[in-house]
Q: 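Before I ask anything, let me first share the structure, which is written out below as structure tokens.
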Amino acid sequence: MKLILILHVYGYCTDLNFLLFQNWNADNHSVHVLTRSRSKAELIFPVKDFPGIVIAEEPEWKDSIRGSTGVVNLAGLPISTRWTSEIKKEIKQSRIIVTSKVIDLINDLPDAVRPSVLVSATAVGYYGTSETRVFDEQSPSGNDYLAEVCREWEGTALKVNKDVRLALIRIGVVLGKDGGALAKMIPLFMVFAGGPLGSGKQWFSWIHLDDIVNLIYEALSNPSYKGVINGTAPNPVRFTEMCQHLGNVLGRPSWLPVPDFALKAVLGEGASVVLDGQKVLPLKAKELGFSFKYSYIKDALKAIMT
């Protein structure tokens, strides 16, 4: 079975890419990684550590997709950075342009060699932010910048040929030891400066790295997985609670909050990623019988840090 992984070289954490490949390779799948920069992709997937992997730059994408069984699209510039007008443009274009290119390539293939499933990442930012509302897959989209990005991102993926099963995974904050949110927070705790960001009342919809890898893998292989599926753990928490658990695991205090103005000074408008949040529930995954390895953040953090 040939599987395709599409990534932005600065996109989703290296651990996610690694574990996806590891799972696929263990099941004897042929894995092609589609990227716009072979040299940068090879830093993530060194040939000596990833035997059998095929790294394809854009002119080779069509040949890689031809005859594949499934495609996983994780393309997208990270959003946890300072948002300038240029960065905001790239955040959107890195998702829309690559997804559109992939959809066109899939749709142009004859039926006999067209992949049967596309798993395309999107994000819980689709719902906008709220301290009081609860969001599931049926909830409407928000009206902020990230919601707009997610709507266009998903809208592009929905143009795939109707014979291709499409699963849209709205991913929350992925928790793993290397990269992502924890990598930025752990150093603060280790110097006794960890604590809630902003008010601490914002919701934190998270998922352990192992669970998002397993959810993506299940979406590839299980024909019941189609449409929108929230990639979040069943028990989101307020940011204050997350910091308390992280502080306990690290043996460090978590009482000193990081004020709004400090984050805004560093991240500008991009501070909204951590100062605002949303309570998102994975109703579809639970209905489908997906088994979460880590349903509670306390257990997830312990597993990551020990």
Side-chain angles (χ1 to χ4, degrees), residues 1-8 11-12 16-17 20-21 23-25 27-36 53-76 92-123 126 136-138 141 149-171 212-231 282-290:
M1 184 183 295
K2 182 165 75 168
L3 299 174
I4 307 298
L5 174 62
I6 302 163
L7 61 104
H8 191 288
Y12 281 92
L16 176 54
N17 299 323
L20 280 171
F21 176 83
N23 280 13
W24 296 353
N25 200 44
D27 287 345
N28 296 316
H29 299 313
S30 171
V31 183
H32 290 228
V33 173
L34 275 54
T35 178
R36 288 182 159 179
I53 197 169
V54 176
I55 296 177
E57 290 188 308
E58 198 163 348
E60 305 163 299
W61 286 10
K62 184 174 182 178
D63 288 338
S64 283
I65 293 174
R66 177 187 294 272
S68 64
T69 303
V71 176
V72 174
N73 177 21
L74 298 177
K92 180 183 286 190
Q93 289 189 342
S94 64
R95 287 158 172 80
I96 308 304
I97 292 176
V98 171
T99 301
S100 180
K101 171 79 171 178
V102 170
I103 297 303
D104 287 345
L105 291 174
I106 291 174
N107 290 348
D108 287 345
L109 288 170
D111 293 348
V113 291
R114 184 184 295 127
S116 59
V117 56
L118 169 63
V119 179
S120 197
T122 173
Y126 173 91
D136 61 38
E137 287 87 352
Q138 300 302 315
S141 184
V149 170
C150 290
R151 282 196 304 273
E152 292 192 30
W153 195 6
E154 293 183 15
T156 303
L158 285 165
K159 295 176 182 177
V160 73
N161 185 288
K162 298 307 177 186
D163 291 332
V164 176
R165 178 170 59 85
L166 173 65
L168 292 165
I169 312 294
R170 290 180 184 154
I171 301 175
I212 191 60
V213 167
N214 290 339
L215 184 64
I216 290 171
Y217 195 65
E218 191 69 18
L220 269 175
S221 57
N222 189 329
S224 297
Y225 283 64
K226 53 189 174 184
V228 174
I229 302 170
N230 286 335
L283 295 192
K284 186 74 173 291
K286 293 179 74 174
E287 288 172 3
L288 289 165
F290 180 78

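All residue numbers in this chain count up from 1 along the given sequence.
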Q: I'd like to know if the side chain of R165 reaches the main chain of L220, judged simply by a donor and an acceptor atom lying under 3.5 Å from each other, with no hydrogens or angles considered.
A: yes
Q: Taking all atoms of both residues into account, what is the closest heavy-atom pair of I6 and V71, and its distance?
A: CD1-CG1, 3.4 Å
Q: For the atom pair CG (L118) and CD1 (I106), what is the distance rounded to the nearest 0.5 Å?
A: 5.0 Å
Q: Between R66 and P110 (side chain of the first, backbone of the second, donor and acceptor by atom type, cut-off under 3.5 Å), is there such a pair?
A: no
Q: Roughly how far, to the nearest 0.5 Å, is CG of L215 from NZ of K284?
A: 11.0 Å
Q: List in chain and number order the residues that pass side chain to side chain donor-acceptor pair (under 3.5 Å) with D111, two or more places apart in sequence or in another chain; answer none if no residue qualifies.
A: R114
Q: Write down the atom of K62, the atom of L105, and the distance for their closest heavy-atom approach.
A: CB-CD2, 3.8 Å
Q: Which heavy atom of E60 sits nearest a heavy atom of I55, and at what distance?
A: OE1-O, 4.2 Å
Q: Any idea which heavy atoms bring I103 and A157 closest together, and the distance?
A: CD1-O, 3.8 Å
Q: Side-chain contact test, heavy atoms from C-beta onward, threshold under 4.5 Å: evaluate it for L34 versus V98 and give yes or no.
A: no
Q: Is there a donor-acceptor contact under 3.5 Å from the side chain of T122 to the main chain of R170?
A: no
Q: Distance check, rounded to the nearest 0.5 Å: E218 atom CD versus I169 atom CD1?
A: 10.5 Å
Q: Please, which pairs that meet salt bridge (charged side-chain N to carboxylate O under 4.0 Å, His left out) have at least one residue in residues 222-231, sequence neighbours excluded?
A: none
Q: Return the CG to NZ distance between D136 and K286, rounded to the nearest 0.5 Å.
A: 11.5 Å
Q: Quick one: are F290 and Y225 in side-chain contact, heavy atoms under 4.5 Å?
A: yes
Q: Measure the CD1-CG distance between I171 and L74 for me, rounded to the nearest 0.5 Å.
A: 6.5 Å
Q: Considering non-hydrogen atoms only, spot the tightest contact between V164 and P115 and give its length.
A: CG2-O, 3.4 Å
Q: Going from NZ on K159 to CG on D104, what distance comes out if it is rounded to the nearest 0.5 angstrom?
A: 8.5 Å
Q: What I'd like to find out is whether the side chain of N222 reaches to under 4.5 Å of the side chain of L288, using heavy atoms alone.
A: no
Q: Return yes if some donor-acceptor pair links the side-chain N/O of S100 with the main-chain N/O of I97 below 3.5 Å, else return no.
A: no
Q: Determine, step by step, whether L283 and E137 satisfy the side-chain contact (heavy atoms from CB on, under 4.5 Å) criterion, reporting the C-alpha distance in whole Å, the side-chain angles of both residues, the deciding distance to 0.1 Å, and the verdict.
A: CA-CA 7 Å; L283 295 192; E137 287 87 352; 3.6 Å; yes
Q: Give a yes or no answer on whether the side chain of R95 reaches the backbone of A121 with a donor-acceptor pair at less than 3.5 Å.
A: no
Q: Could you check if a side-chain atom of L158 sits within less than 4.5 angstrom of a side-chain atom of L168, using non-hydrogen atoms only?
A: yes
Q: Closer than 3.5 angstrom, by distance alone: can the side chain of N161 be matched with the main-chain N or O of N107 as a donor-acceptor pair?
A: no
Q: Contact between I229 and P282 at the side-chain level, heavy atoms closer than 4.5 Å - yes or no?
A: no
Q: Could you pull out the closest heavy-atom pair between S120 and T99, with the gap in Å?
A: OG-CG2, 4.5 Å
Q: Name all residues meeting the side-chain contact (heavy atoms from CB on, under 4.5 Å) criterion together with D63; count only those two or more places apart in sequence or in a different chain, and write none if there are none.
A: none
